[in-house]
Amino acid sequence: MLRFLGVRNLSVIDHLEVEFEPGLNVLTGETGAGKSVLVEAIGLLVGGRATTDLIRTGESLAVVQAIFEDSDGRDIIVRREISSQGRSRAFIDDALATSAALRDLGAKFLELHGQHEHQSLVDPAEHVELLDAYAAHDTLRRDVGERFGDWRVATDALERSQLSDREKKARIEMASFQLQEIEKVAPLEGEDERLAAEKHVLANADRLSRLSSEAYGALYEGEAAVVGGLAAVFKRVTELASVDPRFNEYAAQRDDLKARLEDLAFFLRQYGTEIEASPDRLQKTEDRLAALERLKRRHGPLLIDVLARAEELRGELRELGASEEQAAVLTERERSSREAFRRTAEVLSQARRDAAGRLAASLERDLKQLAMPACRVEVRQTPAAEDSWTIRGIDDVEFFISANPGEDLRPLARIASGGELSRIMLALRMATLSHAERRTLIFDEVDAGIGGAAADAVGARLQALGGRHQVLCVTHLAQIAARGSVHFRIAKHVQSGRTSTALARLEDEQRVAEIGRMIAGASVSQQVLASAREMLHARTGESENSAKGESETARPAKAKGGRRAR
């Protein structure tokens with residue numbers, strides 16, 4: 001459940017804090033007051049795209065913060081920051097989080113339904129997704145996807161072996177050319193790093209020879225050689241140790257230190273004699289590195305990628321030059337993987353057939369309660385042609401509807417009005433959520449294109465949803481607003497030449513006045529206020545009745561309202 005939302009410097013919102021409650025929370029206000037900005041703020045908290053144009057003019061940082069309460073009553077704090085430099089940071093319980101983590105959290109706690117989401121209903125390609133979501137076919141869909149992937153790999157291998165002679169010859173020539181290019185250089189793993197280090201040494205050979213010779217002389221052969229002077233040093237250290245025991249430790253290290261310095265001296269002498277400035281060897285090293293770099297540019301970017309590409313080319317050449325026996329193996333592999341996909345997809349198809357009738361009946365039942373009493377729905381499932389099989393399976397699914405008596409069933413995309421689409425989307429959500437755990441549902445103007453009895457029916461369904469879930473609904477219709485268990489009004493104000501949005505929780509006569517404004521507009525008479533009062537009383541009574549039986553599972557409100565924006 002979304003308990004608290006705080007917004008600072010986002011679009012027209014200066015500073016706003018609000019505490020939501022269980023049940024149906026309605027948000028009303030004039031067009032452009034900032035209702036959708038509030039919904040967008042919630043969208044940012046669940047991984048929505050953040051852009052600098054969301055930041056309030058003149059500010060350097062926009063911040064959105066929320067407190068979610070999980071099923072165990074534990075609070076989870078989520079914060080999203082957007083800077084004017086284009087950087088976006090997210091935090092979950094004060095720990096940095098990725099956008100993916102926000103999306104995962106959002107999927108757990110809430111569903112956000114925007115103003116134009118119902119347009120997905122007019123795309124038949126999305127209908128199979130709606131059916132699978134209703135029937136919870138997640139495991140079946142995953143199995144079908146895996147079998148489809150295996151089939152595609154086998155199909156690609158077979159197609160490479162069955163190219164026409166001309167295509168096969170061209171592919172063989174290209175693969176052979178690329179492989180020969182790599183094999184001619186014959187790179188070894190890690191060779192480029194080793195050669196780069198060797199090049200650095202060769203390029204500094206004179207300096208290295210001089211430094212090693214000088215260091216050897218200072219240690220071993222010079223008049224003031226360090227190793228030769230150690231005897232005098234340790235003679236004195238031994239005398240010191242005879243007086244002060246603290247020198248015993250250092251005196252005991254004499255032989256070890258002398259051995260280490262002698263090892264270093266002998267290594268310096270050998271290094272100096274072996275290192276040689278060789279322009280020819282340096283040139284060969286640079287040429288070899290250049291050849292490796294060319295391979296890395298064409299097949300890399302890393303040398304290990306070049307080696308992997310060589311193996312890939314060898315495999316492709318084996319497939320392209322496959323014998324009849326090998327071709328038979330590839331053919332059988334393609335056939336068996338296609339059959340495995342088809343069998344798995346048929347299990348999903350049967351599950352869809354079983355669910356299609358239930359979904360249609362559920363939609364008809366809910367649409368009757370949404371002022372579409374004569375509506376008939378059919379979820380049609382037809383086999384797709386084999387060349388149209390996809391990771392979704394082997395079916396085409398499309399919703400057909402008859403909205404009025406005497407009309408034939410027709411594709412949903414061709415006959416539904418905007419208001420009908422809104423109600424169908426709401427009915428689908430009711431059906432999908434029937435088996436879901438308690439969560440927060442956010443509807444941004446689900447009332448688009450409806451009015452009258454339809455609006456009252458939609459309000460009743462949202463009210464019923466509020467009995468099982470927390471619902472936040474942005475609405476322009478009095479019939480829906482009157483059914484809210486909590487009512488917030490969003491308004492714009494201009495002060496000192498700046499526009500800002502404020503949000504306030506409405507109580508008693510404030511709510512009557514707002515419902516009256518929604519009914520009549522600017523001119524609100526006493527008769528309109530009386531109608532608003534009667535509407536609120538009637539809908540509140542229905543709300544109390546529908547809440548019976550839910551009181552044991554619904555959590556009591558922890559907050560007492562929202563805070564006005566500053």
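When reading the values below, keep in mind they use all heavy atoms of this one structure, side chains included, and skip hydrogens, waters and symmetry mates. We're numbering straight along the sequence, starting at 1.
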### Message
Strictly distance-based, threshold 3.5 Å: is any side-chain N or O of Arg80 a donor or acceptor partner for the main-chain N or O of Gly48?
### Response
yes
#### Entry: Ala454 to Ala371 - nearest heavy-atom pair and separation
CA-CB, 3.5 Å
### Query
Nearest heavy-atom pair of Ala90 and Leu102: which atoms, and what distance?
CB-CD1, 3.5 Å
#### Entry: Distance (rounded to the nearest 0.5 Å) between Leu45 CG and Gln65 CD
8.5 Å
### Query
Has the side chain of Asp123 got a donor or acceptor atom that lies under 3.5 Å from a matching backbone atom of Ala125?
yes
### Task
Kindly indicate whether the side chain of Leu359, heavy atoms from C-beta on, has any atom under 4.5 Å from the side chain of Phe399.
yes
### Query
His469 side chain to Arg439 main-chain N or O, any donor-acceptor pair under 3.5 Å?
yes
### Message
So for atom CD, which belongs to Glu386, do other residues, nucleotides or ligands contribute more than 12 heavy atoms lying within a distance under 6.0 Å?
### Response
yes
### Message
With a 4.5 Å cut-off on side-chain heavy atoms, are Asp14 and Arg498 touching?
### Response
no
### Query
Counting only heavy atoms not in Ile304, do more than 12 sit closer than 6.0 Å to its CD1 atom?
no
### Query
Under 3.5 Å, side chain of Glu146 to main-chain N/O of Asp143, donor-acceptor pair present?
no
### Summary
Test side-chain hydrogen bond (donor to acceptor under 3.5 Å, both in side chains), reference Asp132, set Arg352, His127, Arg392, output is Arg352
### Message
Any carboxylate oxygen within less than 4.0 angstrom of a Lys/Arg side-chain nitrogen, looking at Lys492 and Glu30?
### Response
no
### Task
Show your reasoning for whether side chain to side chain contact (heavy atoms under 4.5 Å, CB included) applies to Arg49 and Thr51.
CA-CA 7 Å; Arg49 183 168 175 265; Thr51 58; 3.2 Å; yes
### Message
I'd like to know if the side chain of Arg56 and the backbone of Val12 have a donor-acceptor N/O pair within less than 3.5 Å.
### Response
yes
### Query
Is the shortest distance from a Lys or Arg side-chain nitrogen in Asp444 or Lys35 to a carboxylate oxygen in the other one below 4.0 Å?
no
### Task
Return the minimal non-hydrogen interatomic distance between Phe109 and Glu69, and the atom names on each side.
CE2-O, 3.7 Å
### Message
Under a 3.5 Å threshold, yes or no: a donor from one side chain and an acceptor from the other, between Ser402 and Glu407?
### Response
no
### Message
Checking His487 against Ile515 for the side chain to side chain contact (heavy atoms under 4.5 Å, CB included) test, could you report, in this order, the C-alpha distance in whole Å, the side-chain angles of both residues, the deciding distance, and whether it holds?
### Response
CA-CA 10 Å; His487 190 157; Ile515 297 294; 4.0 Å; yes
### Task
If the plane angle is over 60° it's perpendicular, under 30° parallel, otherwise tilted; pick one for Trp389 and Phe341.
tilted
### Asn25 side chain vs Gly23 backbone, donor-acceptor pair below 3.5 Å
yes
### Query
Are side-chain heavy atoms of Gln479 and Val458 found at a separation under 4.5 Å?
no
### Task
For residues Leu10 and Ala41, report the shortest heavy-atom separation together with the two atoms involved.
CD2-CB, 3.6 Å
### Query
Run the side chain to side chain contact (heavy atoms under 4.5 Å, CB included) check on Phe443 and Leu441 step by step: do they pass?
CA-CA 7 Å; Phe443 294 96; Leu441 312 175; 3.8 Å; yes
### Message
To the nearest 0.5 Å, what is the distance between CD1 on Ile424 and CG on Leu370?
### Response
10.0 Å
### Query
Step by step, would you call Leu44 with Ile82 a side chain to side chain contact (heavy atoms under 4.5 Å, CB included)?
CA-CA 10 Å; Leu44 289 171; Ile82 311 167; 3.9 Å; yes
#### Entry: Electrostatic pair Arg141-Asp138, nearest N-O below 4.0 angstrom
no
#### Entry: Check: Pro411 main-chain N/O paired with Arg380 side-chain donor or acceptor under 3.5 Å
no
#### Entry: Nearest atoms (heavy-atom pairs only) where Ser337 meets Ala154
OG-CB, 3.5 Å
### Message
Check whether Asp70 reaches the backbone of Asp72 with its side chain - one donor and one acceptor, N or O, closer than 3.5 Å.
### Response
yes
### Message
Tell me whether Arg89 is salt-bridged to Glu81, with the criterion being a basic N under 4.0 Å from an acidic carboxylate O.
### Response
yes
### Query
Under a 4.5 Å cut-off applied to non-hydrogen side-chain atoms, are Ile76 and Asp93 in contact?
yes
### Query
To the nearest 0.5 Å, how far apart are OG in Ser11 and CG in Leu38?
11.0 Å
### Query
Hey, what do you get for CG (Leu61) to OG (Ser84), rounding to the nearest 0.5 Å?
8.0 Å
### Query
Is the side chain of Thr344 donor-acceptor paired with the backbone N or O of Ala340 at a distance under 3.5 Å, no angle test?
yes
### Task
Take atom CD of Gln85 as the centre, draw a 6.0 Å sphere, and report whether it contains more than 12 heavy atoms from other residues, nucleotides or ligands.
yes
### Message
For a 4.5 angstrom cut-off between non-hydrogen side-chain atoms, does Lys296 reach Val306?
### Response
yes
### Summary
Heavy-atom closest pair (Val26 atom, Ala481 atom, distance to 0.1 Å) is CG2-O, 3.7 Å
### Summary
Paired with Ile480, the side chain to side chain contact (heavy atoms under 4.5 Å, CB included) test is passed by just one of Val474, Thr475, Thr28, namely Thr475
### Query
Can a salt bridge be assigned to the pair Arg483 and Asp456 using a cut-off of 4.0 Å between side-chain N and carboxylate O?
yes
## Note on the structure
Rounded to the nearest 0.5 Å, the OG atom of Ser83 sits from the CD1 atom of Ile55 at a distance of 6.0 Å
### Task
Supply the atom-to-atom distance Leu24 CG to Leu462 CG, rounded to the nearest 0.5 angstrom.
6.0 Å
### Query
So, Glu514 and Arg517, do they make that salt bridge, N to O below 4.0 Å?
yes
### Query
Ile490 versus Val37: any side-chain heavy-atom pair under 4.5 Å?
no
#### Entry: Test: Arg309 and Glu312 ion pair at under 4.0 Å
yes
### Polar side-chain atom of Gln470 near backbone of Glu21 as donor-acceptor pair, under 3.5 Å
yes
